[in-house]
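Report on the structure given below.
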Amino acid sequence: MANTQESTPTKTRKETLNRPKGTQDIFGNDIERWEYVESLCRLQFQNAGYQEIRTPAFEHTELFERGVGEGTDIVNKEMYTFEKGDRRLSLRPEGTAGVVRSFVEQGMSRWPKPVKLYYMGPMFRYERPQAGRQRQFHQVGLELFGLDTPAADAEVILMAMRLFQKLNLPNLSLEINNIGTPECRERFKSNFRQHVEPHLATLCEDCRTRYNTNPLRMLDCKNPTCKAVYAEPDIKTFLETDFTSEDCQVHFAGVIQILDALKIPYRRNFYLVRGLDYYTKTVFEITSTNLGAQNAVCGGGRYNRLVEDLGGPETPAVGWALGMERLMALVGELPKRDLDFYIVTDQHAVAFELADALRGQDYKVDVDLSGKGFGKQFERAAKLGARQVITIGEAEAQNGELKLKNLQTGEQFTHKTAAFLDQV
RNA sequence: GCGGGUGUCGCCAAGCGGUUAAGGCCCCGGAUUGUGGUUCCGGUAUACGUGGGUUCGAUUCCCAUCACUCGCCCCA
């Protein structure tokens, strides 16, 4: 055992490998919190009749081009795309496209309506990382297919709000808007252009491009002068009189009515349009002021055309996705699960049997494996925060006994093992 | 793609031209080889991101580069 000094004669310095930019190792305290939140999601969604779906982390690039939209930043500059043979594949930048693809491919349109699904998993976007934004991030999403009712929108929104309430998230605000159908937006375009035209010269470059390509998107421009233009009285009243069809307005009113009845606070935001192409009618976003620049925890809306666009039968749908990293940033400290028993022992076979029995009764039990002295083992037990220590040494093993010590009070008693297991 | 900030042991953190490069936490051992949390003593580690330059001498100054981080764009 005389080594250490001589063992590295040439000093081959290994280069360390770090995780790729914008990725995260999730472990330790964090993973406990993640698992807690994930199981809370699962429980709540399952209790409401939503079923998990797991789709591939990569899909044919074309799915996202058609699903998310060719005009979006996501497909234009943020996708991880690679080629294998003559196939173009992309890491999924969001979850809905894959779920819809599966819905169509697996014939879920023949299932009884509505079809209610949820998913959770990593998504990938090639972007510059910053607070609340990474290249691999995690979303939990909910999708409801086959119904075009206000109640469907309301349920989906309610699922998100209740989840966040349970988690006690601070400073949340639900913003909601109605952006109508593509037909509504056609009408909107020409009218809106008329209203904005006089101001065209003052607008930013982006807005002037969008004036031609996608006027609706002009509304969520962050540029102050542009915002000021869109806030001018005539434009504002134009927006607020609602450019959408009667059907859309009735639908939206229905959603609002339910939210009001449930006393769910929201803010109608006429400028909320969202960056994905597939939305129709209801769109919404849940933001928190505790988040920094990227302040949306959850976003979603109705997408009545997407299933059709991806080759399925005409099927209305609503859904949302939440960002786990952003959500976790808002979730405070969670109660930790204490260690119920720590078994101090040099009789491992006996100790394992006891541990099995206790774990079978849902106790959290750790057996000391070190072979060190009992003093050291007790030290370890205290460090781990165990409530009670069970000691099984040679004498106890022989007599079918154990010593049980409460680490808070310091009291210790001897029990017959069988009796202990019966009454614990 | 474009701006700002930061890089000293696993973590926090002093030093700002000449030091054996503090200290704390964590970890390990001992006091206490079948009974802990407190305390005391001791110990481990290729720690100055990397490469150049200035200097008799750079962790300290300059340049570059990389990484991380915050923001813009956009989104979860």
Side-chain angles (χ1 to χ4, degrees), chain A residues 4-5 7-8 10-24 28 68 71-78 92-96 120-141 160 204-206 217 220-223 273-276 285-288 291-300 319-330 342-347 368 370-397 403-412:
Chain A
T4 48
Q5 297 282 51
S7 61
T8 55
T10 331
K11 186 166 255 188
T12 44
R13 174 166 247 178
K14 274 187 211 154
E15 259 182 65
T16 62
L17 260 22
N18 297 328
R19 61 187 199 279
K21 187 195 285 289
T23 63
Q24 213 59 51
V68 181
T72 61
D73 281 357
I74 292 181
V75 323
N76 284 336
K77 50 177 200 183
E78 295 173 5
R92 60 181 179 192
E94 56 101 53
T96 301
M120 40 210 289
M123 306 293 161
F124 307 85
R125 257 120 99 158
Y126 184 77
E127 298 179 271
R128 203 60 188 274
Q130 73 186 71
R133 181 207 284 157
Q134 24 283 125
R135 289 182 174 177
Q136 175 172 173
F137 61 104
H138 301 261
Q139 287 190 333
V140 172
C204 74
E205 211 184 309
D206 268 355
R217 290 297 307 287
D220 73 350
C221 182
K222 305 289 192 304
N223 183 308
V273 298
R274 318 232 63 239
L276 281 65
E285 209 166 88
I286 300 171
T287 59
S288 170
L291 272 180
Q294 309 303 324
N295 64 354
V297 218
C298 178
W320 51 251
L322 67 82
M324 272 298 280
E325 284 79 1
R326 293 181 190 177
L327 177 60
M328 293 317 297
L330 296 173
Y342 192 84
I343 303 183
V344 165
T345 189
D346 53 9
Q347 305 290 317
D368 193 291
S370 70
K372 290 178 185 167
F374 285 10
K376 281 292 163 200
Q377 295 194 33
F378 266 82
E379 224 172 78
R380 184 88 198 137
K383 198 160 289 174
L384 291 175
R387 293 179 184 289
Q388 318 226 64
V389 172
I390 292 172
T391 305
I392 300 180
E394 212 181 328
E396 290 83 359
K403 291 211 166 70
L404 180 67
K405 180 167 186 177
N406 181 317
L407 283 192
Q408 267 88 57
T409 63
E411 295 173 314
Q412 175 167 291

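Here is how names work: the chains are called A, B, and so on, in the same order as the sequence lines, proteins then strands, and each is numbered from 1. Atoms considered below: every heavy atom in the structure, side chains included; atoms not considered: hydrogens, waters and symmetry mates.
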Within 45° of the ring axis of A:Tyr126 and under 6.0 Å from its six-membered ring centre, is that where the NZ or CZ of A:Arg135 lies?
yes
Are A:Thr345 and A:Thr391 close enough that some pair of their side-chain heavy atoms sits under 4.5 Å apart?
no
A:Met120 CE to B:A76 P: how many Å, rounded?
18 Å
Can you find a donor-acceptor pair, distance only, under 3.5 Å between A:Gln294 side chain and B:C72 base?
no
For B:C74, does the base pair up with any side-chain atom of A:Arg133 as donor and acceptor (N or O, under 3.5 Å, distance only)?
yes
For A:Phe137 and B:A76, is the gap between ring centres under 5.5 Å while the planes differ by less than 30°?
yes
Could one point to a donor on the side chain of A:Lys77 or the base of B:G1 with an acceptor on the other under 3.5 Å away?
no
Distance in angstrom units between A:Arg19 CZ and B:U69 P, rounded:
6 Å
Is there a side-chain polar atom (N or O) of A:Lys376 under 4.0 Å from OP1 or OP2 of B:U32?
no
Over 12 non-hydrogen atoms of neighbours within 6.0 angstrom of CD in A:Gln408
yes
Taking only N and O in the side chain of A:Lys383, is any of them less than 4.0 Å away from OP1 or OP2 of B:C27?
yes
Give a yes or no on whether a donor-acceptor pair under 3.5 Å exists between the nucleobase atoms of B:G36, that is its base, and the side chain of A:Gln412.
no
